[in-house]
Trainee: 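Dropping the structure in here first, questions after.
Chain identifiers are assigned alphabetically (A, B, ...) following the order of the sequence lines, protein sequences preceding nucleic acid strands; residue numbering begins at 1 within each chain.
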Number of protein chains: 2
Amino acid sequence: MNRPSIKEVAKKAGVSISTVSRVLNNSAPVSEELRKKVEAAVKELGYYPSNIAKSLRKGKTKTIGFILPDITNPFFADIVRGAEDFLRKKGYTLILCNSDQNGEQEIQLLETLISKHIDGLLFTGTGSFNLLLEEKIRKGLKVVFLDRIIQGINSSYVIVDNKKGMELLLDFLIKSGHKSFIFINGNKETFSAKIRYEVFVEKMEKAKLEYKHYFTNFSYEAGYNFAKKIRKLPHAIVCGNDLIAYGVIDAIEEKGYRVPDDVSVTGFDDILFSKHFKPPLTTIRQPKYKMGMKAAELLIKIIEENKFLNRGIILEPELIIRKSTKELKK
Amino acid sequence: MNRPSIKEVAKKAGVSISTVSRVLNNSAPVSEELRKKVEAAVKELGYYPSNIAKSLRKGKTKTIGFILPDITNPFFADIVRGAEDFLRKKGYTLILCNSDQNGEQEIQLLETLISKHIDGLLFTGTGSFNLLLEEKIRKGLKVVFLDRIIQGINSSYVIVDNKKGMELLLDFLIKSGHKSFIFINGNKETFSAKIRYEVFVEKMEKAKLEYKHYFTNFSYEAGYNFAKKIRKLPHAIVCGNDLIAYGVIDAIEEKGYRVPDDVSVTGFDDILFSKHFKPPLTTIRQPKYKMGMKAAELLIKIIEENKFLNRGIILEPELIIRKSTKELKK
DNA sequence: CTGTTAGCGCCTTCAA
DNA sequence: TTGAAGGCGCTAACAG
């Protein structure tokens, strides 16, 4: 595209380029007369300053990278939206990168983003340690981890209190009389899956309940396939996320059982559709939009105040009771 | 972040910066000896070339902007994914912008993107005419319209054959014996809503069927609220998209009717969840991922071959028959 | 095969 | 209040 440069504006206005720069950025006083001339020239030429020249000069791009597993997953879409809304307000722009939870991909994307001179990074990665990322953080790359923390890397993060979420859920289930459980969890390596697993086992042991636990992955298919193979139904099937729960419910109903009459099923996340699912899903709501927003806010703070505040923000989950669970007789 | 520049690499390797540039880009022969030195220096310093300096120099940023209504809508998430996958393979990067279908917002975003020197733009806007966009296109901005065309602007586009989709759907419904229809359509201004409306009326008139048509908007709530007010059920309720259909079905079932026994309901789009909805939704599948991919492909072609090929790609929709419609006795 | 240099568009001293 | 000039990091002539 044919773009006029500051030079052309200056020429048309009959002033120096510094004067143009000054009126554009209001960075120093300019006489009313010249200001008017410049403004006219800008308008006439349809001039837009080149952020990329500006970036080169200033060493800041006003651009944030976001590496996440998959934007197609409604859970992440909400988070991205929260981040983008905040960033835009602050004059930043978002570069989106899908990693498919692939560690090598993540590294490549990171390299690209660094080459693009991002001012900061929002990162929802695989849980596994990332050498390059760690090195870049040491060298001053500003990062906020989102939803997942990487062990061994010291940085800021925004997560939801998974422990509390799981406790809320299990307490509710236990209180309403469920005594045997199967937990169909998501990816083993995942930060949240691990925590949920721990809480689950702890609760079960403590209440001396019958339980089984399995790692699968966070998808409808995983839930469906797994549930197809269940022979004896427990009182409750706890799922690693809502998608798994959908799969489980469909599989169970295909086998001729009914939810929640024959078995209670719960999700985790509360994505958009869960309230429309049949039966509407009892689940733990994660404040997704807020998570994205808070992470962006924290990142910008770190960038603009140039502090190395390693802060963790832990958001509160919420128990959403709908129709996929029932009250059991004691 | 503290980044080494090409100068520092040159110094450490004991060569000139042009030599460094040459080995980095393989742009001219360099002796094995110097090459090795350079590579060692690059590695040692953890050097990444600055794409932004490169961009300034070359006048290309390898960056594509994408303005769309809302990433939170699964329909668009799939499209974005298709675009991003293709762009990444080609070495491009995607800047995502949510416009919420707001015309002024669109203009602002466009200005930002232009300032960021995007090489091209993917655009899914409101249907309404956009003066700034039109001017920029005239000045050489490369744009591919996606899913929606703006009347009066001459440019490339990728859309789905809405006319055909609607025909497929109505032919199926008519053939299976439905004789009275209500069409709960989406936003009036929208390109696809308009076309679907036209086809609908035409088909109805031609087959001399009883029908009503309403514009609402493309949301669950719109479908739900509207359906709540329906007094007399037709044979079929045709919806502007899947979300509307979900709302309609829920509202109708709350009123004590059954889908499809008392009324057939159809969607449009076939988003992720529609096959899991209960009843699974009969709908028209739009090849969303492919749409994003094709649009990106076309855009890159336009950019790299620097041709002004104004090409329209029209993708084929597909009728997906599931359980929300039934065969009526003639 | 290698090094020197101009300049992409902008901001920011510095001097006037 | 204004203008001239250097330089951000890089590539692409140009010269050797």
Side-chain angles (χ1 to χ4, degrees), chain A residues 1-39 41-42 45-63 91 111-119, chain B residues 1-39 41-42 45-63 91 111-119:
Chain A
M1 201 174 67
N2 203 358
R3 322 162 103 262
S5 78
I6 197 172
K7 247 188 205 163
E8 295 167 56
V9 177
K11 195 169 160 194
K12 170 146 285 181
V15 301
S16 74
I17 58 170
S18 2
T19 301
V20 178
S21 170
R22 288 194 264 259
V23 344
L24 254 29
N25 301 296
N26 243 307
S27 52
V30 174
S31 70
E32 198 51 35
E33 194 196 340
L34 294 196
R35 157 164 278 123
K36 281 209 174 122
K37 280 191 194 170
V38 170
E39 280 163 355
V42 164
L45 291 171
Y47 170 80
Y48 287 84
S50 160
N51 269 325
I52 118 151
K54 206 178 279 197
S55 298
L56 182 61
R57 180 64 236 257
K58 298 228 221 181
K60 299 189 189 265
T61 54
K62 291 275 194 174
T63 298
E111 288 176 343
T112 307
L113 291 174
I114 289 174
S115 283
K116 293 249 173 186
H117 255 279
I118 50 168
D119 289 345
Chain B
M1 202 175 66
N2 203 358
R3 322 162 104 263
S5 79
I6 197 171
K7 247 188 204 162
E8 295 167 57
V9 176
K11 195 170 161 194
K12 169 146 285 184
V15 300
S16 75
I17 58 170
S18 9
T19 299
V20 177
S21 171
R22 286 194 266 260
V23 344
L24 255 29
N25 301 296
N26 242 308
S27 52
V30 173
S31 70
E32 199 50 33
E33 194 197 339
L34 294 196
R35 156 164 279 122
K36 282 208 174 122
K37 280 191 196 168
V38 170
E39 280 163 356
V42 163
L45 292 171
Y47 169 79
Y48 287 85
S50 160
N51 269 327
I52 121 151
K54 205 179 279 197
S55 298
L56 182 60
R57 181 62 236 255
K58 298 228 221 181
K60 299 189 189 263
T61 53
K62 291 275 194 173
T63 299
E111 287 176 344
T112 308
L113 290 173
I114 289 174
S115 283
K116 293 250 173 187
H117 255 278
I118 50 168
D119 289 344

Trainee: Identify which nucleotide among dT4(C), dT2(C), dC10(D) has an atom closest to any side-chain atom of Ser18(B), counting heavy atoms from C-beta outward.
Mentor: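 The answer is dT4(C).
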
Trainee: If you only use heavy atoms from C-beta on, which nucleotide in dC10(D), dC10(C), dT2(D) is closest to the side chain of Ile6(A)?
Mentor: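 Shortest atom-to-atom distance from the side chain points to dC10(C).
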
Trainee: Contact between His117(A) and Ser55(A) at the side-chain level, heavy atoms closer than 4.5 Å - yes or no?
Mentor: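 No - every pair of side-chain heavy atoms lies 4.5 Å or more apart.
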
Trainee: Looking at the side chain of Ser5(B), which of dG9(C), dC10(D), dT12(C) is the nearest nucleotide?
Mentor: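 Out of dG9(C), dC10(D), dT12(C), the nucleotide with an atom closest to Ser5(B)'s side chain is dC10(D).
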
Trainee: Determine whether Arg22(B) and Ser18(B) make a side-chain contact, defined as any pair of heavy atoms from C-beta on separated by less than 4.5 Å.
Mentor: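 Yes; the side chains approach each other to less than 4.5 Å.
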
Trainee: To the nearest angstrom, how far is Glu8(A) atom CD from dG9(C) atom C1'?
Mentor: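 Atom-to-atom, Glu8(A) to dG9(C), this comes out as 11 Å.
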
Trainee: Between atom CG in Asn25(A) and atom C1' in dC10(C), what is the gap in whole Å?
Mentor: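 About 9 Å, once rounded to whole Å.
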
Trainee: Rounded to whole Å, please give me the gap between CG in Leu56(A) and C1' in dG6(D).
Mentor: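 Taking atom C1' of dG6(D) as the reference, CG of Leu56(A) is at 13 Å.
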
Trainee: Rounded to the Å, how far apart are Lys37(B) NZ and dT2(C) C1'?
Mentor: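 Taking NZ of Lys37(B) and C1' of dT2(C), I get 12 Å after rounding.
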
Trainee: Taking the nucleotide of DNA chain D with the nearest heavy atom to each, does Tyr48(B) or Ile17(A) sit closer to the 5' end?
Mentor: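 Taking each residue's closest nucleotide, the earlier one in sequence belongs to Ile17(A).
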
Trainee: Which residue lies toward the 5' end of DNA chain C, Lys58(B) or Glu33(B), if each is placed at its nearest nucleotide?
Mentor: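 Final value for this comparison: Glu33(B).
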
Trainee: Decide yes or no on side chain to side chain donor-acceptor pair (under 3.5 Å) for Thr19(A) and Ser16(A), but give the supporting numbers first.
Mentor: CA-CA 5 Å; Thr19(A) 301; Ser16(A) 74; 3.2 Å; yes

Trainee: Looking at side-chain heavy atoms only, is the closest gap between Lys12(A) and Leu45(A) below 4.5 Å?
Mentor: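 They are in side-chain contact.
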
Trainee: Under 4.0 Å from OP1 or OP2 of dC8(C): is there any side-chain N or O of Lys7(A) that close?
Mentor: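 It does, given that an N or O in the side chain of Lys7(A) lies less than 4.0 Å from OP1 or OP2 of dC8(C).
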
Trainee: So, is Ser31(B) near the phosphate of dT2(C), with a side-chain N or O under 4.0 Å from OP1 or OP2?
Mentor: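 Result: yes.
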
Trainee: Take atom CG of Asn51(A) and atom P of dC8(C), then tell me their distance rounded to the nearest Å.
Mentor: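 So the CG-P distance, Asn51(A) to dC8(C), works out to 19 Å.
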
Trainee: Can you identify which nucleotide, out of dT2(C), dG9(D), dC10(C), has its nearest atom closest to the Pro49(A) side chain?
Mentor: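 Of the options given, the side chain of Pro49(A) lies nearest dC10(C).
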
Trainee: Which one, dT2(D), dG9(C), dT2(C), comes nearest to the side chain of Thr19(A)?
Mentor: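 Of the candidates, dT2(D) comes closest.
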
Trainee: Rounded to the Å, how far apart are Ile114(B) CD1 and dG9(C) C1'?
Mentor: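 About 17 Å, once rounded to whole Å.
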
Trainee: Please tell me if the side chains of Lys7(B) and Lys11(B) come closer than 4.5 Å, counting only heavy atoms from C-beta onward.
Mentor: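 Counting from C-beta outward, Lys7(B) and Lys11(B) never come under 4.5 Å.
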
Trainee: Run Lys116(B) and Thr63(A) through side chain to side chain donor-acceptor pair (under 3.5 Å) and show every step you take.
Mentor: CA-CA 10 Å; Lys116(B) 293 250 173 187; Thr63(A) 298; 2.7 Å; yes

Trainee: Under 3.5 Å, is there an N or O donor on one side and an acceptor on the other linking the side chain of Arg22(B) and the base of dG3(C)?
Mentor: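 Checked by distance alone, the answer is yes.
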
Trainee: Does any N or O donor sit under 3.5 Å from an N or O acceptor when you compare the side chain of Ser27(A) with the base of dT12(C)?
Mentor: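 Side chain to base: no pair present.
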
Trainee: Within this structure, what is the CZ-to-P distance between Arg35(B) and dC1(C), rounded to whole angstrom?
Mentor: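 Taking CZ of Arg35(B) and P of dC1(C), I get 10 Å after rounding.
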
Trainee: Does a side-chain N or O from Ser50(B) land closer than 4.0 Å to OP1 or OP2 of dC10(D), or not?
Mentor: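 The answer is no; no side-chain N or O of Ser50(B) sits under 4.0 Å from OP1 or OP2.
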
Trainee: Within this structure, what is the CG-to-P distance between Asn26(A) and dT12(C), rounded to whole angstrom?
Mentor: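 These atoms are roughly 13 Å apart.
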
Trainee: Quick one: label Ile52(B) by what it contacts on the DNA or RNA (base, sugar-phosphate, nothing), any heavy atom closer than 4.0 Å.
Mentor: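 Contact class for Ile52(B): none.
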
Trainee: Quick check on dG3(C): is either OP1 or OP2 less than 4.0 Å from any side-chain nitrogen or oxygen of Ser16(B)?
Mentor: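 So the side-chain polar atoms of Ser16(B) do come within 4.0 Å of the phosphate oxygens OP1 or OP2 of dG3(C), strictly under.
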
